[in-house]
Structure formats: structure tokens, C-alpha cells
Amino acid sequence: MNRVKEFRVATGKSQLALAKEIGVSRQTINMIENDKYNPSLDLCIKLAESLDTDLNNLFWNR
Amino acid sequence: MKKETVTDKLIKHFYGITGPLDEYKRHEVDKIGNIAFIWLSWTLIIGNTIALFLAHRYPETMAVAYPILLEVILLGLFGFVIWKARQARVSEFDTEELTEKEQRKLQFAGLKSGLFFGFFMHLWACVMDVWFDGADFLTTLLNPYQLVRSLVSGLFFGLFIHIIIKIRQKHSED
């Protein structure tokens with residue numbers, strides 16, 4: 001389970017705002033948050049940058 | 001942002017995608033397209049072979065039945081594509097997410113597609129009458145019965161498109 005939703009809510013962004021920021025659709029953010037789609041590394045990096053965190057925090061399950 | 005190629009535009013139009021064709025949507029339509037392509041390829045390879053053999057014995061029946069069968073198979077395949085695209089949520093859209101051009105296109109989309117459909121159905125019916133019955137084109141074009149028929153078919157088609165758009169919008173909001 002990734003922590004995209006957690007970080008997105010913490011930064012006060014809506015799914016649509018985040019989607020627009022990284023150039024994807026809202027449905028894609030929704031799918032990633034619900035673990036129904038594994039994003040590419042490129043998209044993961046964009047997400048991490050936009051949510052002001054790193055890949056470990058966002059995707060690494062410890 | 002990366003500029004959309006003609007292929008991207010075709011994909012978006014075919015699958016009813018609005019907004020960006022991002023990696024998730026591209027991945028899903030690739031998957032759906034591949035499944036449809038595999039089924040269609042095998043159907044055509046096997047179907048054409050059978051049709052070729054049957055055509056020797058029943059040429060007239062095959063000349064009529066096979067194209068109809070192909071149309072039915074294609075319609076079934078379109079149904080599958082629509083169902084899978086809906087399941088993968090690639091054809092959903094948010095009004096705020098659309099570009100200005102897409103928002104303009106969406107305004108009165110039902111009315112526009114109804115008019116377009118009605119007009120072309122009318123023209124098509126007239127051409128068919130001229131072709132098969134040797135009727136006069138202008139007389140058929142202005143035939144009140146034909147005009148009403150085209151108007152009604154356009155109305156129903158427009159209504160259908162309007163409902164489809166509203167359902168997609170509602171589904172996305174949920």
C-alpha cells in the first residue's frame with residue numbers, strides 16, 4: 001500500500017490539483033492511490049517531487 | 001506538455017478519452033486493443049477460411065450472410081471495448097479537467113451529434129434511394145416522410161449521446 005493519498009492530503013492538494021501539476025488525469029491519481037495501478041518510475045519521481053517527499057517515503061513498505 | 005500526435009488523437013477519439021492521454025490510460029487502451037486485436041485476427045483467419053470453402057457450394061448465401069456476420073462480430077467487439085474501457089475508467093472525465101477546446105466540444109454535444117447524424121442519415125437514405133430505386137435525388141431529398149424520419153432518428157441519436165455523456169460525467173463524479 002503506497003502513501004500517496006496520505007501525502008497528498010497532508011499537502012492540502014486535491015486529486016485534480018495533483019493530477020494537473022504532474023500532467024496526468026485525476027483517474028490515474030485515483031488508481032495509484034487505490035493500488036490499482038503501478039506507476040512508472042518517471043511518474044513516481046514526479047509524484048514524490050510534487051508531494052515534497054522522496055520515493056522511499058512514498059512507496060517503500062517497511 | 002508533450003504535443004499530441006495524430007495517433008494519440010485517434011486513440012482518444014476511438015476510446016472516448018478526454019483530458020490527457022497519460023501513461024495509465026495509454027497502458028489500459030493498449031491492453032484492451034491487444035485483446036480485441038487478437039480475437040479479431042483469429043476470428044478473421046478462421047472465419048475467412050470457412051467462408052471461402054462454403055462460398056464454393058453456397059456463393060449467394062455467403063455473399064449476404066458473411067458480411068452481416070462480420071458486422072455482428074465487430075459490433076460485439078465494440079461492445080467489449082466499451083465495457084472494458086468503462087471498467088478501467090479510461091473514458092470517464094471531469095469537466096474541470098477538460099481543455100477549453102474539449103469543453104467547447106462538450107457544449108450541446110447531444111444536439112450537435114443529433115443534427116450531424118440526422119443530416120447524414122438523410123443524405124445516405126437519399127443516395128440509397130437514387131442508387132437502388134432510380135428515384136430523383138431532389139424529390140427524395142425534399143420528401144416530407146423522409147425528412148421526418150431523418151429528424152426523428154437524429155433526435156433519438158442526439159438524446160442517446162446526451163444521456164451517455166451525462167452518465168459518464170456522473171460516474172466520474174461518484
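Atom CE of residue A:Met31 and atom NZ of residue B:Lys25 lie 10.0 Å apart, to the nearest 0.5 angstrom. Atom CD of A:Gln27 is separated from atom CD of B:Glu28 by 12.0 Å, given to the nearest 0.5 angstrom.
By the 6.0 Å contact criterion, CG on A:Asn38 is open, its count of non-hydrogen atoms from other residues, nucleotides or ligands being 12 or less. With a 6.0 Å radius and a threshold of 12 heavy atoms from other residues, nucleotides or ligands, B:Lys112 has its NZ atom above the threshold. Heavy-atom contacts from other residues, nucleotides or ligands closer than 6.0 Å to CG of B:Asp133 number more than 12. For A:Lys5, the NZ atom is loosely surrounded, since the number of other residues' heavy atoms within 6.0 Å does not exceed 12. B:Phe137 CZ: more than 12 foreign heavy atoms inside a 6.0 Å radius.
Between B:His27 and A:Tyr37, the ring-plane angle classifies as tilted under the 30° and 60° cut-offs.
The nearest pair of heavy atoms linking B:Pro20 to A:Ser25 is CG-N, 3.8 Å.
Of the two parts of A:Asp42, neither the backbone nor the side chain holds a non-hydrogen atom closer than 4.5 Å to a non-hydrogen atom of chain B.
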